[in-house]
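Each remark here refers to the structure printed beneath this line.
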Number of protein chains: 2
Amino acid sequence: MSTSLSTQPDDLRSGLGRNLTYGLLDALGRAIVTGRYEKVPFPTEAELAKQHGVSRSVTREAVKMLTAKGLLSARPRQGTVVQPASSWNLFDTDVLRWLLERQFSVDLLRQFSQLRIAIEPEAAALAAQFGTGEDLRQISAGLARMEAAERGQDDTLDADIAFHVAVLRASGNPFYAQFRDMVATALRTSIRFTNRIKGRTASVADHAAVRDAIAAKDPATARTAMRTLIGDVVELIETVEGTETPA
Amino acid sequence: MSTSLSTQPDDLRSGLGRNLTYGLLDALGRAIVTGRYEKVPFPTEAELAKQHGVSRSVTREAVKMLTAKGLLSARPRQGTVVQPASSWNLFDTDVLRWLLERQFSVDLLRQFSQLRIAIEPEAAALAAQFGTGEDLRQISAGLARMEAAERGQDDTLDADIAFHVAVLRASGNPFYAQFRDMVATALRTSIRFTNRIKGRTASVADHAAVRDAIAAKDPATARTAMRTLIGDVVELIETVEGTETPA
DNA sequence: GTTCGTTCATTTATCGGATATATCGGGGTT
DNA sequence: AACCCCGATATATCCGATAAATGAACGAAC
């Protein structure tokens, strides 16, 4: 693993980051959310730099970014400490990705889907009220991709994401649109669980119902149709829960 | 204003930040969301340091934090550029505070309240299903504070915040609980608008209805009761919209 | 004249050493 | 016992130098 506590410096450059700072950010973020520093204290800035073979500048900037995401807090003399999970910014795509990619994340995925039950039906209702013609075109395009994917001419996951993102954007509300990257991340992760259980492509008709209700400018129907869609996802996840762990 | 582009370095230390880095973070965050760099390019790291009278270390760490919050992006040769507003992390309390405290924020407040319509009723429903006895005690305590505030024995705003935060936490879902700080920030900002319009303390009975439904473990009633509550807020804001600007 | 590669200038990225500042805890004074 | 001062330790800040990335200008080859 790239976040080893051994004396061997990690190769942070070849990792996910564009540069050393982002590599260290990713390594430390993963280490924190997987609980590596629950028993042992978080290292000092000098120790971190030595352990990972980088300068203090790189170390300080990575720590500052993790502080901005709510994972760390630094004070003179006291040192740098991991914040309680309740203050982590779960709506930061990095944090969410680190959390979902760790082991035992089915529970978190279920909780995020519980949030989608609140968000996406209301976004669909708003889209039905205020969505523009271009918004509707985007939603229809996502649906078309799902149909194409059923015929093996497109990627099922990408098409599914495109549809849900289009609905969120069509709400015309930036706070709803913000869930775009999070839903995409969650869907990409969830596919690792749900794909093993079910054919998973049965819901194109349900998606079409959402699109039709938005096209008909019928908020109530759009809301219930989307709620049905997400409800199926939650049901599916709760079937998996306790049964499997990610690859 | 503390973010002047003049040649006079700002006194970042006396500002909101604990230190120079946080002072610069706050100053630059406000400047970005108020559109100061829409016409002029964002300064280079060397220019920033000179303008604000701080070292490049402080400058780079503040920029890195703003990058982590989605407001900036930095690349060699290209320089540091402000990201489009669609990629700002609106669920970061700093970003939300900067946005709400700027001028012309009534529209944003309305959009955030539109999100609360999705979140809080569902959180109330979850609280009715899964809330513990301690959760219910916290909700009742918040309600008691609102009643005390009506008699002038507590702060109305703090009591209102305590109630809504208690419901979010009682959902047992960390994603819902995450809205804690955002709702608090939004309420503190909204009071500047709504207080001038209405007595604003008329809703204690409505809040009690939410508590009672949660206590009775009746999710459907809790959901509709909370929806009524937030719906009133949206209605109030839409009354203000176009009428006033913040102090 | 167009295309491709080379050079060059600019900006961020990285390094490391020095000093300042905040803060906790111990020890001494009253 | 209460209070103040001092030292140890960690982050905070400043600084100067070098590396790396990248876009633009330049020029050579076809």
Side-chain angles (χ1 to χ4, degrees), chain A residues 2 9-29 32 37 40-83 87 94, chain B residues 2 9-29 32 37 40-83 87 94:
Chain A
S2 66
D10 305 332
D11 183 5
L12 298 172
R13 212 152 213 150
S14 65
L16 282 180
R18 310 194 286 270
N19 51 38
L20 287 179
T21 304
Y22 283 89
L24 183 58
L25 168 70
D26 196 70
L28 290 179
I32 291 169
Y37 301 110
V40 298
F42 196 83
T44 66
E45 143 190 332
E47 289 168 344
L48 273 182
K50 188 171 187 178
Q51 285 171 10
H52 295 87
V54 296
S55 68
R56 293 203 329 269
S57 312
V58 169
T59 305
R60 285 186 56 81
E61 286 166 20
V63 166
K64 273 293 188 307
M65 282 196 279
L66 288 166
T67 301
K69 293 172 187 296
L71 272 65
L72 291 178
S73 173
R75 286 183 179 285
R77 166 79 194 197
Q78 174 183 350
T80 307
V81 296
V82 176
Q83 293 291 101
S87 67
D94 287 330
Chain B
S2 66
D10 307 331
D11 182 6
L12 298 172
R13 210 153 214 151
S14 64
L16 279 181
R18 306 193 289 270
N19 51 38
L20 286 179
T21 304
Y22 283 89
L24 183 59
L25 168 71
D26 196 69
L28 289 179
I32 291 170
Y37 301 110
V40 298
F42 195 83
T44 65
E45 141 190 335
E47 290 168 344
L48 273 181
K50 189 171 187 178
Q51 285 171 10
H52 295 87
V54 296
S55 68
R56 291 201 309 281
S57 311
V58 168
T59 304
R60 283 186 57 80
E61 286 166 20
V63 166
K64 272 293 189 308
M65 282 195 282
L66 289 166
T67 301
K69 294 173 188 294
L71 273 65
L72 291 178
S73 173
R75 286 184 177 283
R77 167 80 195 195
Q78 174 183 348
T80 307
V81 295
V82 175
Q83 293 291 102
S87 67
D94 286 330

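Fair warning: this is a prediction, and the values are worked out from it, not measured in the lab. The figures that follow rest on heavy atoms only: side chains count, while hydrogens, waters and symmetry mates do not.
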I need the [atom1]-[atom2] distance between [X] and [N], as an integer number of Å.
X: A:Leu48; N: D:dA10; atom1: CG; atom2: P; answer: 12 Å
X: A:His52; N: C:dG16; atom1: NE2; atom2: P; answer: 16 Å
X: A:Arg18; N: D:dA21; atom1: CZ; atom2: P; answer: 13 Å
X: B:Glu61; N: C:dA13; atom1: CD; atom2: C1'; answer: 14 Å
X: B:Leu20; N: C:dA22; atom1: CG; atom2: P; answer: 10 Å
X: B:Phe42; N: C:dT11; atom1: CZ; atom2: P; answer: 14 Å
X: A:Tyr22; N: D:dA21; atom1: OH; atom2: P; answer: 15 Å
X: B:Glu45; N: D:dC14; atom1: CD; atom2: P; answer: 13 Å

Would you say [X] places a side-chain N or O within less than 4.0 Å of OP1 or OP2 belonging to [N]?
X: B:Lys64; N: C:dT12; result: no
X: B:Arg60; N: C:dT12; result: no
X: A:Ser55; N: C:dT14; result: no

A:Arg77 vs A:Ser57, nearer the 5' end of DNA chain D by closest nucleotide: A:Arg77
What's the closest nucleotide to the side chain of [X] if the choices are [options]?
X: A:Pro76; options: D:dT11, D:dA21, C:dG25; result: D:dT11
X: A:Val58; options: D:dT13, D:dA17, C:dT14; result: C:dT14
X: A:Arg75; options: C:dT23, C:dT11, C:dA9; result: C:dT23
X: A:Val54; options: C:dC15, C:dT12, D:dG7; result: C:dC15
X: B:Ala74; options: D:dA12, C:dT12, C:dT14; result: C:dT12
X: B:Thr21; options: D:dT13, C:dT12, C:dC15; result: D:dT13
X: B:Asn19; options: D:dA17, D:dT13, D:dT11; result: D:dT13

Any idea which heavy atoms bring [X] and [Y] closest together, and the distance?
X: A:Leu48; Y: A:Thr59; result: CB-CG2, 3.6 Å
X: A:Leu66; Y: A:Ile32; result: CD1-CD1, 4.3 Å
X: A:Ala74; Y: B:Arg18; result: O-NH2, 3.9 Å
X: A:Glu45; Y: A:Arg60; result: OE1-NH1, 2.9 Å

Nearest-nucleotide 5' precedence on DNA chain C, B:Arg56 against B:Gly79: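 The residue mapped nearer the 5' terminus is B:Gly79.
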Gap separating the CZ atom of A:Phe42 from the CD atom of A:Gln83, nearest 0.5 angstrom: 11.5 Å
Sugar-phosphate, base or nothing in reach of A:Gln78, heavy atoms under 4.0 Å: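 Nothing, no nucleic acid heavy atom in range.
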Touch class at under 4.0 angstrom, heavy-atom based, for B:Thr44 against every strand present: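 Counting heavy atoms under 4.0 Å across all strands, the contact made by B:Thr44 is with sugar-phosphate only.
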A:Asn19 side chain vs A:Tyr22 backbone, donor-acceptor pair below 3.5 Å: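 Side chain of A:Asn19 to backbone of A:Tyr22: a pair is present.
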